[in-house]
Amino acid sequence: MDFEAVIGLEVHAQLLTKSKIFCSCSTEFGAAPNSHVCPVCCGMPGSLPVLNKRVVEFAIKLALATNARINPVSVFARKNYFYPDLPKGYQISQYELPLAEGGYIEIEVDGQKKKVGLVRIHMEEDAGKLIHDEARPVSYVDLNRTGVPLLEIVSEPDMRSPEEAVAYLKKLRSILRYLEICDGNMEEGSLRCDANISVRPRGSEKFGTKVELKNMNSFKHVQKALEYEIKRQIALILDGKEVIQETRLFDVARGVTQSMRGKEEAHDYRYFPDPDLVPVEISEHWIREIADTLPELPDAKKKRFMEEFGLPAYDAEIITSSRKLAEFFEACCKNFPKPKLVSNWIMTEVLRELNKEGKEIHETKLTPEHFVELLKLLDEGVISSTIAKQIFPEVYQGRSPKEIVEEKGLKQENDEDALRAICQKIVEAHPKEVEKYRQGKKNVIGFFVGQVMRETRGKANPKLVNKILTELLEA
Ligand code: ADP
Ligand code: MG
Ligand code: ZN
């Protein structure tokens, strides 16, 4: 039997406001434990929450960017449960009337475009953090994170593969970053994802029983956890057993999911409207004002980059996945109108360094000026591509490529006579390889090119070397 996966994601995005959602405490990360707390976020009886307007503004931005319907009136509700990191005994969230409903996020997997529907976007507060002592059976409570604003974004069960789920998450993160409302860092927990997944025989209309997966803090974990869970559920069904509705945790070390709690233990949160907070009324006027501040979003930018710069969809997708990277690309093309060369170098050399350091382009010392200078040296044949790649890490560290080339004498050797002499020497030193070449193993030329490059420390013009070597070997 052929099966199909059905996936819906619940994502929490921590907002980049300066202060918390219902008090003026700082949201700054990494401060001394319990130094950013007050009676409101500590949940002292009698204290009253006051809504941070910025949080609503950020939520409206995301709703507009995803074409969601913004409710003119939305309501905060208490979600009741006990946990040591939740001093009030309830979390302030939204339930029956969320900030926004509907809308969609467009993804593209294997050249197939698809709109993933959204159920809702709502505002809520984060809980504190428990820190468990490694040495002793003791846990500490840090309330600095209590009351930090979150948006919860719930998707429809519209995704059909782990790849689609990851594409959705990446697109959502990219939109949040473009809007500058969330830093999108999954490892640090500012973007968290719970995945709901079920399987059904392909062609069937009815959804299967879903399982909720928690504890995935990277795209790779989401992919792996979903792949594992699909296999597990299909095996169960083929074995004549049933999938049970439960919450499972992804065990990173073992690459498997494990049961955490079943349906019977599911919480009954006893939601009710929070009597301490008035309903949130949002005027058309305010929405229009915010709409005017929205930047060009990833999908629009991608389309424009394909049209304006002639980039292939693949390149445009990668370059526009980050607003800062896209700005860097555009700045380069302004002074050096060879977009494909710029994009090739960004997608290989630049992204390699960025990924190594886990940084965004604006957090590095690489400037569009230096980058263009390097590409011009390469494009004009002043340096070879080997040298260009060799010196790139230094340029990335903030040095001028021209200076490096001058200082180290790395200009490309374009003098045909000088190169011919070197080629001659190499050919004479390797009679066996020459013999092989002449017996028809033409690809031995690669060996000779390599030798010449070594001799010239990468400076020889490869086209010229190829031409000279062919002449010498064919002679
Ligand atoms: P719950 O009340 O258990 O949280 P919801 O109906 O609110 O369930 O859905 C939560 C998430 O689960 C949503 O993202 C939704 O798309 C997804 N979902 C719902 N039903 C299924 C299913 N059968 N298979 C996979 N995902 C599902
Ligand atoms: Mg749920
Ligand atoms: Zn506070």
Side-chain angles (χ1 to χ4, degrees), residues 3-12 17-28 31 34-44 47-52 55 79 81 87-88 92-96 98 101-105 115-122 124-128 142-149 152-162 164-165 168-169 172 192-201 204-214 222 225-226 229-230 233-234 237 242-248 260-269 271:
F3 286 91
E4 167 180 76
V6 172
I7 302 168
L9 301 185
E10 292 166 279
V11 176
H12 286 91
T17 54
K18 286 213 176 67
S19 56
K20 294 186 179 181
I21 181 168
F22 299 119
C23 62
S24 55
C25 289
S26 165
T27 56
E28 197 195 23
N34 299 306
S35 59
H36 291 165
V37 291
C38 74
V40 173
C41 53
C42 272
M44 295 293 159
S47 62
L48 285 173
V50 177
L51 179 59
N52 179 344
V55 173
K79 179 179 181 179
Y81 66 95
K88 292 196 297 291
I92 305 179
S93 180
Q94 295 193 297
Y95 190 57
E96 274 173 3
E101 294 171 86
Y104 61 87
I105 287 174
K115 285 178 180 163
V116 175
L118 299 183
V119 179
R120 55 193 274 140
I121 298 172
H122 72 245
E124 61 184 29
E125 57 177 352
D126 209 345
D142 178 3
L143 295 182
N144 282 350
R145 203 178 65 181
T146 316
V148 166
E152 179 168 341
I153 304 109
V154 182
S155 86
E156 294 285 357
D158 282 350
M159 290 155 278
R160 295 291 173 267
S161 67
E164 287 188 2
Y168 167 86
L169 255 187
L172 173 55
R192 301 166 222 157
C193 166
D194 299 336
N196 297 272
I197 171 152
S198 60
V199 298
R200 63 180 175 188
S204 153
E205 291 280 309
K206 219 176 112 232
F207 285 154
T209 305
K210 75 174 198 263
V211 160
E212 186 181 28
L213 302 180
K214 288 193 178 287
V222 173
L226 287 172
E229 193 55 28
I230 291 171
Q233 292 185 13
I234 292 176
I237 295 170
E242 271 181 18
V243 175
I244 48 171
Q245 189 177 332
E246 61 182 351
T247 299
R248 297 176 72 88
M260 181 173 118
R261 59 165 183 256
K263 197 181 179 184
E264 301 72 34
E265 304 149 70
H267 298 293
D268 177 354
Y269 294 114
Y271 281 98

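Whatever order the structure lists ligands and atoms in, that order sets their numbers, starting from 1. Just so it is clear, the values below take in all heavy atoms, side chains as well, and ignore hydrogens, waters and symmetry mates.
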Is the shortest side-chain heavy-atom distance between Phe3 and Ile237 below 4.5 Å? yes
Under 4.0 Å from a heavy atom of Leu9: give me the atoms of ligand 1 that qualify, with their elements. 14 (O)
Backbone, side chain, both or neither: what part of Val6 comes under 4.0 angstrom of ligand 1, heavy atoms only? both
Checking the side chain of Thr209 only, and the main-chain atoms of Gln245 only, is there a donor and an acceptor separated by less than 3.5 Å? no
Check: of Ser155, Ala195, Ala5, Gly208, min heavy-atom distance to atom 15 (C) of ligand 1 comes from Ser155
If you count the atoms of ligand 1 from 1 in the order shown, which ones are under 4.0 Å from a heavy atom of Val154? 13 (C), 14 (O)
Determine whether Leu51 and Phe22 make a side-chain contact, defined as any pair of heavy atoms from C-beta on separated by less than 4.5 Å. yes
So, does Asn144 use its side chain to make a donor-acceptor pair with the main chain of Asn34 at under 3.5 Å? yes
At less than 4.0 angstrom from any non-hydrogen atom of Phe207, what atoms of ligand 1 do you find? 23 (N)
For atom 18 (N) of ligand 1, which candidate among Lys210, Glu10, Gln245 provides the closest heavy atom? Lys210
Those atoms of ligand 1 less than 4.0 Å from some heavy atom in Glu156: 16 (O)
Is the closest side-chain heavy-atom distance between Lys79 and Glu124 below 4.5 Å? no
Can you say whether the rings of Tyr95 and Tyr271 are parallel (under 30°), tilted (30 to 60°) or perpendicular (over 60°)? parallel
The Zn ion (ligand 3) reached by Cys41 (N, O or S, under 2.8 Å): yes
Any N, O or S atom of Cys25 closer than 2.8 Å to the Zn ion (ligand 3): yes
N/O separation below 3.5 Å, Val119 to ligand 1: no
The reported gap from CG in Leu226 to CD in Glu164 (rounded to nearest 0.5 angstrom) is 11.5 Å
